[in-house]
Number of protein chains: 2
Amino acid sequence: MKNPLRVDEMINPHVSVDCVVLGFDGEHLKVLLVKQTGHEENGYYNNMKLPGSLIYNDEDLDEAAQRVLYELTGLNELHLIQFRAFGSKNRTKNPKDIKWLERFHQLNQKVERIVTITYLTMVKIDKKLTRLSDRYEACWMDIDALCPLAFDHNLIIGEALWFVRQYVQTQPAALFDLLPKRFTAAELRRLYETIYDRKFDVRNFHKRIAQMKYVLPLEEFQTGVAHRAARYYKFDRKLYNKLHGMGKSFNPDEHNEIY
Amino acid sequence: MKNPLRVDEMINPHVSVDCVVLGFDGEHLKVLLVKQTGHEENGYYNNMKLPGSLIYNDEDLDEAAQRVLYELTGLNELHLIQFRAFGSKNRTKNPKDIKWLERFHQLNQKVERIVTITYLTMVKIDKKLTRLSDRYEACWMDIDALCPLAFDHNLIIGEALWFVRQYVQTQPAALFDLLPKRFTAAELRRLYETIYDRKFDVRNFHKRIAQMKYVLPLEEFQTGVAHRAARYYKFDRKLYNKLHGMGKSFNPDEHNEIY
DNA sequence: GCAAAAGTGTTAGAAGTACACCCATGA
DNA sequence: TCATGGGTGTACTTCTAACACTTTTGC
């Protein structure tokens, strides 16, 4: 893992990666943002942006995205899904963003146009994201109530949402990255309702869970709740991989860039 | 539309677009390739590659892809789907490819690393691709029998195939771009069989067509065939758009980059 | 009349949808 | 005992998959 602040000629000021890290708090989808601070004529400003970085010439795109998230969260080997490139000639038109970039990366060269490759990943929101609040002042923001972000990052998050909705239809396993190790049927249902933006009938949803052979009921139940205690379930990834055969259906994971 | 050979400082030697243009000849999927010619120590070489180009600093990614295909085929307003970025640091390691690029674009600067944004489009193979054989010596190649191509273009085509298989599941309209204006049930079935790489029962497939309200049976039939003449059908895009509501399901077309 | 491809219906099982009441627990 | 959210079953519809013979045409 490289230090994103190393100053050398290996930085590539034309291409960046940005990561949309999604979390689920049981009610809403959240996205992980970092602070973009600096000063203009009229004092300091304090924007938010997606975690991201220019790439180095000696790293691949996926590596760059992994580096960004490792630096930010301490998490390694996250499952990153590349979902789109954003390359509008206008996306770096805000001088504030440009200045911030040049200072952040301590660049000698001028930044002109940047094409960014965007990645999506889903994490358990309660996971110890060790470095979260240190250097980058990262925080989870409700995805339906975002303020204006740097660059075109509002647009990117919007596209990520559309993407994830269609992604989980063929790759339901991704959803379980958003849930704790054990979860109740209601938690899973609320996650489905959030992603698909519609209600699911409780009884039918129980049947649906029963059909997901990779979701195993546990003999563990909630405690200390003021109502009937809910059963916990767990996601069995090995079973999932076996059942989904890695075969017929489209599985992007098998098709990584190994050129 | 710009001339891809204009020589100026506006070229961006760090980012390119490449287009996977798919066609269907009734039996197999075809991909449109262009010649990559040049000379090395031991004489001339004659490779094939995907149509593509470095981008200009004053054009967006989608515009660059449109330009490439306009130059190549004379076709405008093709429906282009951005499907992935390829940015391995090794993808430009072949000096032959680099030299070719520098000569083709008449560059003053050195080309080092290129991140390419790839687009997919589907066209009727019989369409008059007016400029096809002129400057670029383009031709349709069977997608299952490709020779080694320049850069990582074999890899890109492989990924495009995976992508299209999952794309048409949510966007079946794309398939009709591959067929002539009127087509028989058997032609449509063979296309499905090619894309999904499996057989479909003839009777069940007729029922399926009947359920596609946007596929209309015509009162026209084949002539001059040595067997019972097949009925022609046509795809009604307006009906399709109305029925698919542009609403619930994921529709990438609505989410273009308009930053 | 024969070779070649087109077209046509039924049945069984699986999956999806709609819908209302009792259960367990803490306060 | 009551408020809260958890859990359960049945009937109906829709979709999917399997399966075999007759039709039309050119040669």
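Residue numbers begin at 1 in each chain, while the letters A, B, ... track the order of the sequences.
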Select base, sugar-phosphate, or nothing to describe what B/Arg231 touches, counting heavy atoms under 4.0 Å on all strands. sugar-phosphate
Between A/Tyr196 and A/Tyr192, what is the ring plane arrangement, given parallel below 30°, perpendicular above 60°, and tilted in between? parallel
Whole angstrom is fine here: how far is it from CD in A/Gln211 over to C1' in C/dA14? 9 Å
Hydrogens and angles aside, do B/Tyr214 and B/Asn241 bring a side-chain donor and acceptor to less than 3.5 Å of each other? no
Can you tell me how far P of D/dT16 sits from CZ of B/Arg198, to the nearest Å? 10 Å
Checking A/Arg165 against A/Tyr167: charged group under 6.0 Å from the ring centre and within 45 degrees of the axis? no
Can you give one letter per nucleotide of nucleotides 18-27 of chain D, going 5' to 3': B for a protein heavy atom under 4.0 Å from the base, S for sugar-phosphate only, - for none? BBB--BBBS-
Atom-to-atom span, OH of A/Tyr196 to P of C/dG16 - whole angstrom: 12 Å
Under 30°, 30 to 60°, or over 60°: which ring-plane class applies to A/Phe205 and A/Phe200, parallel, tilted or perpendicular? tilted
Which is it for A/Phe176 and A/Phe183 under the ring-ring contact (aromatic ring centres under 6.0 Å, His included) test, yes or no, and what are the steps along the way? CA-CA 9 Å; A/Phe176 298 94; A/Phe183 48 84; 5.7 Å; yes
Atom CZ of A/Arg208 and atom P of D/dT8: how far apart are they, to the nearest Å? 18 Å
Rounding to an integer number of Å, can you tell me how far A/Phe200 CZ sits from D/dT8 P? 20 Å
Test item: side-chain donor near acceptor, A/Asp18 and A/Thr118, under 3.5 Å: no
Find out whether A/Phe83 and A/Glu159 are in side-chain contact, i.e. whether some heavy atom of one side chain is under 4.5 Å from a heavy atom of the other. yes
Starting from C1' on D/dT4, measure out to CD on A/Gln222 and report it in whole angstrom. 12 Å
Applying side chain to side chain donor-acceptor pair (under 3.5 Å), which residue pairs with at least one partner in residues 221-234 of chain B are found, sequence neighbours left out? B/Glu219-B/Arg231
Interface with DNA chain C, restricted to residues 182-193 of chain A and to heavy atoms under 4.0 Å: none
Which whole-number value in Å describes the distance from A/Phe205 CZ to C/dG16 P? 12 Å
Do A/Leu191 and A/Leu178 have side-chain heavy atoms sitting under 4.5 Å apart? yes
Could you tell me the separation between the CG atom of A/Leu218 and the C1' atom of D/dG6, rounded to a whole number of Å? 16 Å
